[in-house]
Protein chains: 6
Amino acid sequence: MNGTNWQCNTATVEALGKVSTATLATQLFRRGFRTRFMQGVVPLKPGTRLLGAARTLRYLPMREDLDTLDTLGARTNAQRAVIEDIRPGEVLVIEGRSDLRAGSLGNILALRLQVLGAAGIVTDGAFRDSPNIRRLSIPTYAAGQNANTNLTIYHPADFDLPIGCGGVLVELGDAVVADDEGVVVIPGQLVDEVARDALEQETAEEFIYDLILESASVFDAYPMNDEMRARYRIWREGRNEEAR
Amino acid sequence: MNGTNWQCNTATVEALGKVSTATLATQLFRRGFRTRFMQGVVPLKPGTRLLGAARTLRYLPMREDLDTLDTLGARTNAQRAVIEDIRPGEVLVIEGRSDLRAGSLGNILALRLQVLGAAGIVTDGAFRDSPNIRRLSIPTYAAGQNANTNLTIYHPADFDLPIGCGGVLVELGDAVVADDEGVVVIPGQLVDEVARDALEQETAEEFIYDLILESASVFDAYPMNDEMRARYRIWREGRNEEAR
Amino acid sequence: MNGTNWQCNTATVEALGKVSTATLATQLFRRGFRTRFMQGVVPLKPGTRLLGAARTLRYLPMREDLDTLDTLGARTNAQRAVIEDIRPGEVLVIEGRSDLRAGSLGNILALRLQVLGAAGIVTDGAFRDSPNIRRLSIPTYAAGQNANTNLTIYHPADFDLPIGCGGVLVELGDAVVADDEGVVVIPGQLVDEVARDALEQETAEEFIYDLILESASVFDAYPMNDEMRARYRIWREGRNEEAR
Amino acid sequence: MNGTNWQCNTATVEALGKVSTATLATQLFRRGFRTRFMQGVVPLKPGTRLLGAARTLRYLPMREDLDTLDTLGARTNAQRAVIEDIRPGEVLVIEGRSDLRAGSLGNILALRLQVLGAAGIVTDGAFRDSPNIRRLSIPTYAAGQNANTNLTIYHPADFDLPIGCGGVLVELGDAVVADDEGVVVIPGQLVDEVARDALEQETAEEFIYDLILESASVFDAYPMNDEMRARYRIWREGRNEEAR
Amino acid sequence: MNGTNWQCNTATVEALGKVSTATLATQLFRRGFRTRFMQGVVPLKPGTRLLGAARTLRYLPMREDLDTLDTLGARTNAQRAVIEDIRPGEVLVIEGRSDLRAGSLGNILALRLQVLGAAGIVTDGAFRDSPNIRRLSIPTYAAGQNANTNLTIYHPADFDLPIGCGGVLVELGDAVVADDEGVVVIPGQLVDEVARDALEQETAEEFIYDLILESASVFDAYPMNDEMRARYRIWREGRNEEAR
Amino acid sequence: MNGTNWQCNTATVEALGKVSTATLATQLFRRGFRTRFMQGVVPLKPGTRLLGAARTLRYLPMREDLDTLDTLGARTNAQRAVIEDIRPGEVLVIEGRSDLRAGSLGNILALRLQVLGAAGIVTDGAFRDSPNIRRLSIPTYAAGQNANTNLTIYHPADFDLPIGCGGVLVELGDAVVADDEGVVVIPGQLVDEVARDALEQETAEEFIYDLILESASVFDAYPMNDEMRARYRIWREGRNEEAR
């Protein structure tokens, strides 16, 4: 995967392609992180999943003389510049300032990102042309939808600097993982261990889920007491055998 | 139905299983209540309906030393304790403090409630694991979705005390009724009369609906003028005959 | 179309029936307007489109002695009066004061508007009976859903005066255009030129869309550079030929 | 007093010049009113008191082509028109839409109102030139301060129609009473009785205050039990004697 | 001091009577606490300081049939009950649900608390009769001011249970310390050590303050580098000598 | 004045030291700018005035592993680095993300800035140690006060890049002017002309103020009609004579 700031091994990518953002949030909480899930950012359509390395775009409040239609074609326009620079597997993460009064991006730019192989687009602002963006295959996450052009409220400042998005600090190359619940950002140096432990947690939860279905009490099964834990270890072994 | 603080006759249960929350809100307004519909609490999936007696769970702001992963298994944990104490027909109503920065509950606890026969789960906070909760059959209502564990913002304080949820005072055993619009809570002593009058109101509105379809003016039909009211009484009689 | 304050020619109606609100927002921005898209107002169901001339209804905060169930049948009730006065092709736009604590309107009144041939209903408040309103064919847009009757928070003041809705000044007869993204309001005197230029813009964007699909850079294609613009003119001509 | 829609006797004016808004809110609550105190509207400087009859000014969201500097001098400008029409004893109440992004009015217009003998100015928006307005003697109440001209967000629509201000329905001629806590609006037909009962309540509370100072329990004194009430009647008589 | 759940030695009380809430917040942060300062709660007048042990009062949303003027005198009224039960040195902390649409408490009850020797009153709602409360000597902290009686929005539920106030978990007997910046709540078991270290921190900051006045760079002085720390130790010794 | 990106002549500095932010906002509006006044940012104490060239500090959401007490002394800490780099006449403007849950800066750093000759400090977040900051002479503007250390919510990212503050784009060297109403930021290239025209406007308003005091109508005086304008020119001349 391009653009990562983390050691990207196959097991990690496979794990992050499967586990839920809820599980990742738990693993991050275990490591002292409380605020790595973006507030209020949801997929544009159900059934969306995203995994990629963060590229960042920073928006500031617009200034009427700087942010005019004439500037859209300029190579110095940070929005256009970062889009043209995207490589496959990267996710464009936009600091939309939690401002929903305009769209951060419309469907033509979203299509360009899709053609370039981007893994997804994330903003804590809104999208415009959202009905058309919903028809694209690229995973998209936002806090709203708004037909107004980004020029009405935003000045595209720069890219690849650290930004804030949905209350989360996002650095270039951080792992961005999303499902139908929303978006988690994993700091680069933790990606491999978080991915591994998240997968292990979900395996245990699969076992717990079955216990609950068989009417186990949460006091016994979630978290597991000693007896359940022993049963789990046996089940876990059996499963590993099968897998071989 | 378990856990009610109201006289629970068959006609009441049948009526509350049918009428809309809008009709119930009107009946409550007729009795002087303006704030019995929860603000901002919606079903996790369309086509949801809920009826049950309230069990209450109170959340407070977390304190870092009290709210750790170690406490999840404790029998004194109010969240776990109330869940294990739920009986069929009861609805778990959570005071989530209108705080969407974390989930109030995840899918394993939701499954446990489903297995125990709970009538539903309601929070004015968020759920976590919401994509998995959507796959369960238990009716669920919330103000948002968030992957963060409840430990990041909540301290589970106690249960079965009166709480506030979505701006509504909820007492143990109150009737909780919900449809795709949201959640209404009926004080125990009023449940039977509100149910009866709501059903009568919907019968009349069925008649009015047909009048409107036939191009009646709202000045004549909604509310009905004397002539319409006379016609309604005849229609109503005829219908009762049929039903015999 | 009834009730317009704009010169309503066939080409305009045809164009406004097709173009997206995002395109209209861009055309309005070109003319110096930044705030003609309603904030937070979305369709009650996907696949909704609306075009009509604005009729306006103004709500104020309720006063307990004025806003009682007894007033619903009065011919002086501004809500009822404007509804009975609606003509085909008109859109009822309600100043709901961005207040979501009650519904602005329920399904029986919505049905009446549908029977009268109204082009749609727009509020920056909520609807009540929203599950039933969703079953109607009339296009409906709102900022929320709430079972409480409008009497709990609103006093219907008057109609056909200028109002604010979703942060937009709406005058009697303004063109209201909406799609799945939301609602744009075009001042009467600009409707024809905005419609014409919006259609032209969407034709160009169709061409650009194909360029992007063929891996053109946004620096070349969006906005188009001189070369692309030349190619576009030829394509445009060809298309016009076909159309003849 | 000019412009009242209430019977304005001397006792009423004297009472309303003394009693607190808290007392008035209690008297209104006794009559079924819960929302006659403006939310978030406070005096620009401490020690402010206001009493007058409401004149209303309605603001809508601005439209860029309508709300330009050129319109400020026009006699049709609703803001200027209502100001020039103010008579002594009237209060200008502005529907500022709870929008604090600009000022509703600046110090020159405030001065003009002071020269005309206006009893005060109230807005649920902001003032601009607020440091200079603070230097005037006219009582002023607002929800904020902002240097931006009203043209940046407002379109002055019309005046003397009913409006909403701070969540309160305000009709032409309603009694506006304000102290350091904020602003209460009394519907015209209730002004005299509310004024009379408010004065009586404050007399009783003076007595209660002394009881509390002498270490009476609130269970005995607030509300008064039978014994205290008897003592109060004697004290009240004595006081009336003195006053003769 | 009455009502504490902490070991209340003289040094602790002396220290907490002097140090700033900013210093206490730093000491709590050092121990892993990020959220012990109340959000948005400020003194009613400048120059206020408060120290006491928390008594808690819990408010819920009102219910029209439960929360009437008739209930004010009842001994079961939780608001009245807790007030009459207050002992000298205790602080009444009210869970006002961050709701500013009414007052939590008025001046007569505040006076009663003052007479009883309460150390202060804290709410994350509003006060009513705030101009009169400002004239009392009892320290008061709130998030706003509002003339509406608490019955318009609140149901007094119970007292001495844990509550949330300004986003902080408050337990019976916790130490409440406030200055002109706002309110910090220290969990009982930490009070002594936090008080001691806060005092030490302020002593060091006094030294640092003088260094900065003498043009020291923050890189050298704040935090102190080794050289400064050595100088500080000498200064600190000297001071201790003086104090003996 | 240090650090300006504008031509800083004496007349400009003199004018900007006198005129109100309301006048500057009008001059900016005349040039097409609607959003150069910071939303919600007010002086910590009355009687404050500020003029200087912007230095910018950018805060992002904190990350628990990056933002610890250990980092405070590091020369790479952007907050400390920009402070030590401040020159006389510069204003530190902080992008506090409109987040009031912690302080952006405390009194020791504020003192350091004062010692270095900074013209002021502006944040759209809060200050901590605000009671002590109020005792300093350096002009300070913020949106709130909060005792929590900035580490609880902020990561100091970098400095001297363009930022957003209070909804305003602020670039290195922009002119920052503030009075008791709040803060205006003037883009560098416009400073001289805006200053000159603002001074001229205030001279005219002085004349208008006297007209209003003499009972002129706003229709005649504000804006001035031809007659008034003629009188003004004479008065203006006379004044200029005097000044010579």
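A note on names: the letters A, B, ... follow the listed sequences, proteins ahead of strands, and every chain is numbered from 1.
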Could you have a look at C:Ala157, C:Pro61, C:Ser98 and say which one has the most heavy-atom pairs with chain D under 4.5 angstrom?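 If we count pairs closer than 4.5 Å to chain D, C:Pro61 comes out on top.
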
Which one of C:Arg97, C:Arg58, C:His155 has the most heavy-atom pairs closer than 4.5 Å to chain D?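 Highest number of pairs under 4.5 Å: C:Arg58.
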
Using non-hydrogen atoms and a 4.5 Å limit, figure out which bit of D:Leu66 sits close to chain C: side chain, backbone, both or neither.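 The answer is the side chain of D:Leu66.
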
Using non-hydrogen atoms and a 4.5 Å limit, figure out which bit of D:Arg31 sits close to chain C: side chain, backbone, both or neither.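 When you check distances to chain C, no heavy atom of D:Arg31 falls under 4.5 Å.
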
Name the region of C:Asp65, side chain, backbone, both or neither, that has any atom closer than 4.5 Å to a heavy atom of chain D.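 Both parts, backbone and side chain.
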
May I ask you to list the residues in residues 161-170 of chain D that approach chain C closer than 4.5 angstrom, counting heavy atoms only, ordered by number?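 Counting heavy atoms that sit under 4.5 Å from chain C, the residues of residues 161-170 of chain D involved are D:Leu161, D:Pro162, D:Ile163, D:Gly164, D:Gly167, D:Val168, D:Leu169.
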
Answer yes or no: is there a side-chain heavy-atom contact under 4.5 Å between C:Arg63 and D:Thr35?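 Side chain of C:Arg63 against side chain of D:Thr35, heavy atoms only: no contact under 4.5 Å found.
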
